[in-house]
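Presented below is the structure to which this report refers.
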Number of protein chains: 2
Amino acid sequence: MKLDRIDIRILYELQKNGRITNVELAELVHLSPSPCLMRVKKLQQAGYITGYSAQVALAKLGPTITVFTEVTLKNHRKMDFDRFQQAAEKVEEIIECHLISGGYDYLLKFVTGSIGDYQAIMERLIDMDIGIDKYFSFVVMKSPFIKPHLPLKTMFPM
Amino acid sequence: MKLDRIDIRILYELQKNGRITNVELAELVHLSPSPCLMRVKKLQQAGYITGYSAQVALAKLGPTITVFTEVTLKNHRKMDFDRFQQAAEKVEEIIECHLISGGYDYLLKFVTGSIGDYQAIMERLIDMDIGIDKYFSFVVMKSPFIKPHLPLKTMFPM
DNA sequence: TCACTCACGGCATTTTATGCTGCAATCTCG
DNA sequence: CGAGATTGCAGCATAAAATGCCGTGAGTGA
């Protein structure tokens, strides 16, 4: 499946507003509702759209802390990576897991209720003996901005 | 405005599926459609829900690189932070900006088409003279998982 | 030029959203 | 304790949207 400009525009608009009605979306991309809906369905089926989600202002619900953690593993066999990833994925508070640089380190993104919660989770991970050698924490004081959308506009022709 | 368990459940479900129909959502939270819709509207109006977006599999559209960059500023007056943030926000490829640790450093998240694009953007930022002292790049080789939802489940009673 | 394919627009039907009305539970203040 | 007020609910009716079907026109290759 190959995407044309209209598909890219659809992706762009759906990133900005995932709950736009098909009728409105069709107007924005200059199509009538039917073919527009057909394209959206195809984009979903082909995996270009993996889901939709509401952006929740977590901070309004109560105190929250975001922490980025750089983790180094003791060993670097495939088994070691797999074990660590599986353990990390099960932790609800770890919302992102990235393998960085030369492939020996992970960068994790945590969201927890407090620094105490974060420490408790990290201690639990250490005790679980999933191959963590050492880690370094970047505690987020403030997030001036977090854009909910990816730079489709600059990366692809529209 | 105070939220009860049902509101939290609504937020949770809308995070998992932002395009769920009101009828289905109502069933999941054990309400009839009317009061359910009323609550969603209130959550939006009160700012607990800041928007909806489609998750786009950017990697399927073409090659992409994600980079986390730690940036240190030369000076640390309010003016210096403001200038940097305003410049960073205008760069489409910078999708997150976090102020970390003691308040002197930023952690940025970039998404670009290639390492070359990333370098070009960084060089442009340096040349713009917005107070960047030095920076360190964490290039993402692979992202084992990125969860689209926040840990509402563990942080709040449901 | 003609047959074929593909994508579109328009229309009809089904599904969903949305506003209204009345009822039940809870709260409050005598 | 008890009566009125408040809050939040379900059910219903109407408006809006999604969805499937069909005919049409542009582009392609023989």
- Of A/S32 and A/R19, the one whose closest nucleotide on DNA chain C sits nearer the 5' end is A/S32
- Query: Can you tell me if A/T112 uses its side chain to pair, donor with acceptor, with the backbone of A/S114 under 3.5 Å?
  - Reply: yes
- Pick one: which of B/F110, B/Y135, B/F68, B/F138 meets ring pair (Phe, Tyr, Trp, His ring centres under 6.0 Å) with B/Y118? B/F110
- Nearest to the side chain of A/V23, which nucleotide is it out of D/dA10, D/dA18, C/dT18? D/dA18
- Message: Under 4.0 Å, heavy atoms only, any strand: does A/T21 hit a base, just the sugar-phosphate, or nothing?
- Response: sugar-phosphate
- B/S34 side chain: which of C/dG10, C/dG19, C/dC8 is closest? C/dG19
- Closest listed nucleotide, where the reference is the side chain of A/I6 and the choices are C/dC8, C/dG9, D/dA18: C/dC8
- Message: So, OP1 or OP2 of D/dA18: does either fall under 4.0 Å of a side-chain N or O from A/K41?
- Response: no
- Among A/Q55, A/H149, A/K16, A/Q15, the one residue meeting side chain to side chain donor-acceptor pair (under 3.5 Å) with B/S53: A/Q55
- Query: The side chain of A/N22 lies closest to which of these nucleotides: D/dT19, D/dA10, C/dC8?
  - Reply: D/dT19
- Task: Classify the nucleic acid contact of A/K42 as base, sugar-phosphate or nothing, counting any heavy atom under 4.0 Å across all strands shown.
- Result: nothing
- Select base, sugar-phosphate, or nothing to describe what A/R39 touches, counting heavy atoms under 4.0 Å on all strands. sugar-phosphate
